[in-house]
Amino acid sequence: MSNDTHYLDELNPVQRQASITTDGPVMIIAGAGSGKTRVLTYRIAHIIDKGNDPFNILALTFTNKAAREMKSRIGKLIGESKAKALWMGTFHSVFSKILRFEAEKLGYPKNFTIYDTDDSKSVIKEVLKNMNLDDKVYKPSLVLNRISSAKNNLISAKQYLNNSTVMTEDRNSQKPMMGLVYEAYAKRCFKAGAMDFDDLLFNTNILMRDFPDVLVKYQDKFRYILVDEYQDTNFSQYVIVKQLAARFENICVVGDDAQSIYAFRGANIQNILNFRKDYPDLKTFKLEENYRSTQTIVKVASAVISKNKDQFEKNIFTNNDIGEKIKVVRANTDNEEGMKVANSIVETKMREQAFNKQFAILYRTNAQSRALEEALRKQNLPYRIYGGISFYQRKEVKDLLSYYRLSINHNDDESLKRIINYPVRGIGGTTMDKLSIAAAEHGISIFTVCENLREFNLGINAGTSNKINDFIVMVKNFGLQVPLIDAFELGNNIAVNTGILKDLYSDKTPEGLSRYENIQELLNGLKDFVEQKRSPQEEELKASMLDGLDIEPTDLFAPEEVSPTLRTLDEFMQEITLMTDVDKEEEKENEKDFDKISLMTIHAAKGLEFPYVYIVGLEENLFPSQMSVNSRADLEEERRLFYVAITRAEKRATLTYATTRYRFGNLLFCEPSRFLEELDADYVEYPEIPGSNTSFTDSMFGRMNNEYKDAHPKEIEFKSKFSPKPVAGKKPLVKINLSKPTGPSFVADSDMLKNIKEGSVVEHEKFGRGQVEIIEGEYPNLKATVAFGVGGKKQLLLKFAKLKIVG
DNA sequence: AGCCCCGGTGAAGTC
DNA sequence: CACCGGGGCT
């Protein structure tokens with residue numbers, strides 16, 4: 001049924017070639033607004049039309065939203081059921097699914113938790129406390145960045161400690177213990193049965209490295225691989241793609257080097273620039289016709305990006321009208337900037353009969369939104385902010401989600417800490433400290449400590465012990481229900497039975513009301529979720545999760561009653577954990593009042609387009625950001641960001657700057673951005689400076705060029721910051737050398753346990769060597785008093801403490 | 001155990 | 001200016 005001529009006719013010649021060259025390595029360089037999504041869509045449709053099973057196609061996108069949109073467009077071309085069978089999603093979501101199938105091979109439970117950034121930071125804080133390190137020096141966010149960077153470059157904790165380059169860097173930055181923090185962090189996550197975002201990719205690599213049969217399975221499965229936004233992939237993602245494509249080499253990457261704006265998070269622009277080296281018989285297609293913007297916008301944007309050194313040669317053009325000049329607007333303060341933008345929008349709406357939703361205001365940092373919001377409110381202009389604090393980050397939502405997480409994975413310490421005393425049940429800080437310490441000493445989760453409380457002798461009184469026990473029983477009970485009842489029913493039960501709903505309901509303040517509404521919204525989300533059907537992938541995953549699951553018959557359920565069509569809470573959690581704000585926002589777009597002005601960061605605007613775009617805060621040290629002005633690479637990224645911003649505009653782009661701005665509560669004088677200077681003056685309309693005949697350009701750039709040249713040394717090459725770069729080998733299958741993950745090697749051995757006697761010399765993971773002084777109790781609940789060289793005497797339960805006999 | 005107030009410190013972007 | 005953490009008070 002290859003009636004494909006129909007849709008292929010809608011493509012221009014290059015787009016068409018890029019769509020039908022389905023076999024072998026292909027790179028598509030897609031300029032802004034050049035119909036990239038259309039090509040990807042038609043290409044996938046075409047592959048399927050040629051008789052390939054959608055199940056054998058892997059398409060990796062940058063956001064889940066992009067995946068959903070593409071799926072629905074493909075569905076319209078070739079039928080929804082086929083489109084649904086595609087493996088399509090972000091790297092994180094696709095590989096977290098695959099990891100659930102295979103997790104046990106790596107020593108993780110199938111229902112592993114995914115730690116978000118807050119969880120990670122909290123783990124780091126705890127590690128620092130344990131190691132007696134100052135969190136002013138080892139700032140958790142910095143530490144996390146460093147660990148993330150290492151993981152994205154496939155450097156395990158062990159390799160990190162053996163890597164003289166990174167260790168020297170750490171010593172030089174007065175953080176010599178960084179590697180050990182990484183190690184302890186990794187160990188804790190592992191014990192909690194948790195992976196952070198970077199682990200999802202890192203562990204996928206480990207899986208493919210250590211289990212060749214698994215690699216072959218997926219190589220076989222994914223006969224066609226497509227990667228969108230390839231310029232924003234990092235090394236870890238690069239290796240995954242390279243490995244998976246090694247068998248068929250039907251690999252198509254799509255991207256635009258000019259729009260690479262995620263280097264800060266490990267994206268490596270070299271992945272796209274060097275793609276040709278990996279695949280010598282690569283076919284390259286350049287989509288150079290812009291269908292989105294006016295000639296003016298296209299020309300100005302091209303001139304901007306031409307200032308960058310590293311890029312593919314391309315000639316972006318458009319057959320659209322010349323359009324209006326780019327407007328530059330000057331304001332005296334950030335508030336005035338907001339007012340001018342708001343006034344301009346009002347005026348444009350009247351003059352051109354425009355709708356709110358045709359306008360976007362883009363800024364470099366979220367903090368800039370406030371002045372703009374105020375101005376819009378004054379003009380009664382409805383707006384919507386994208387990004388900012390996400391729904392799932394809200395305290396009350398996180399609290400309830402923590403119950404869900406802990407019910408699914410009892411070892412999830414971060415969730416446990418969050419909710420063990422919420423709503424208040426009399427388990428306070430002192431008790432928690434005792435539990436945490438015991439857990440850390442024995443290398444087990446806090447939940448496990450609580451389950452075996454009597455055996456630890458922590459000096460917790462009977463009353464508190466009972467409260468802990470009640471909590472444990474409750475969570476276990478929730479856990480048992482996870483596979484048995486649907487996500488909404490269980491989610492709702494948890495909200496009710498824990499008292500959260502009541503607690504929030506009783507708070508009648510406006511904030512309290514809003515919190516209550518948020519919980520209701522979460523529950524509505526659950527309701528929607530249970531009514532949706534699974535995709536074929538999810539179906540397969542569900543079967544795998546049920547397989548081997550031991551369901552105890554209860555008064556209420558017999559195992560055979562477990563309905564495989566039931567959509568359960570663990571599935572819901574998997575779906576939402578990797579959802580981004582952008583994904584969540586989408587749902588609301590169907591609501592009645594969606595005619596709103598969009599406010600967002602430029603990063604968030606990637607992939608979007610609007611007739612009228614305002615880019616605000618074009619000032620030195622803001623855009624380009626202060627952090628970037630010292631290195632050429634960073635500055636080039638800022639310039640690409642500026643390029644992305646301009647190319648969002650279809651009809652008109654307006655650039656604004658303020659000469660003063662509040663920052664940290666005090667007034668700051670600002671210089672106009674160097675990016676304004678780089679604009680091609682023929683296409684730009686500058687403001688007149690009132691009360692003088694001097695044009696904007698003369699006054700401003702005259703000053704800049706003379707007085708400020710030395711004060712703002714531009715584009716000086718500095719030594720790049722941290723970036724351990726493992727060289728991409730020609731044969732990554734053998735060349736990539738990762739150390740083994742911390743595997744299940746800590747599991748206590750029962751024979752070993754019995755052999756420990758009074759007088760034995762033993763080794764503890766944390767305390768090192770020590771001698772056993774006393775053994776008490778009955779197997780398997782033996783308790784030993786051990787005198788360690790470091791840390792003195794400790795009482796340890798042999799069943800938990802992993803002691804190695806050394807003499 | 002919880003609440004409140006104070007002071008110090010800090011904003012780039014995100015899966 | 002806004003947030004967070006610590007300390008002190010109830």
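Within every chain, numbering begins at 1; the chains are lettered A, B, ... in the order of the sequence lines, protein sequences first and strands thereafter.
Computed from coordinates, the A:L668 CG to C:dC1 P distance equals 16 Å when rounded to whole Å. To the nearest angstrom, P of B:dG8 lies 17 Å from NZ of A:K139. In this entry the distance linking NZ of A:K136 with C1' of B:dT9 reads 9 Å, nearest Å.
Between the side chain of A:E337 and the main chain of A:G617, a donor-acceptor pair closer than 3.5 Å is present. Not one N or O on the side chain of A:N469 forms a donor-acceptor pair closer than 3.5 Å with the backbone of A:S465. Distance alone, capped at 3.5 Å, is enough to place a donor-acceptor pair between the A:E637 side chain and the A:A263 backbone. In this structure, A:R100 contributes its side chain and A:F112 its backbone to a donor-acceptor pair below 3.5 Å.
The distance between the ring centers of A:H603 and A:Y363 does not fall below 6.0 angstrom.
The side chain of A:N421 contributes an N or O atom lying less than 4.0 Å from OP1 or OP2 of B:dG2. Between A:K125 and C:dG5, a side-chain N or O to OP1/OP2 separation shorter than 4.0 Å is present. The side chain of A:T431 places no N or O atom within less than 4.0 Å of a non-bridging phosphate oxygen (OP1 or OP2) of B:dA1.
Residue contacts for A:E638: at a heavy-atom cut-off of 4.0 Å it reaches a base atom on one of the strands shown. Across all strands, A:S628 comes closer than 4.0 Å to no nucleic acid atom at all (heavy-atom distances). Across all strands, A:Y662 comes closer than 4.0 Å to no nucleic acid atom at all (heavy-atom distances). Within 4.0 Å (heavy atoms only), A:I427 reaches sugar-phosphate atoms of the nucleic acid but no base atom. Within the nucleic acid shown, A:Q368 has no heavy atom closer than 4.0 Å to any nucleic acid atom. The residue A:K606 sits apart from the nucleic acid: no heavy atom pair falls under 4.0 Å.
Closest contact between the side chain of A:F664 and the listed nucleotides C:dA2, B:dT14, B:dG10 involves B:dG10.
Stacking is not found between A:F264 and the pyrimidine-like six-membered ring of the B:dA12 base under the 5.5 Å centre-distance and 30° plane-angle cut-offs.
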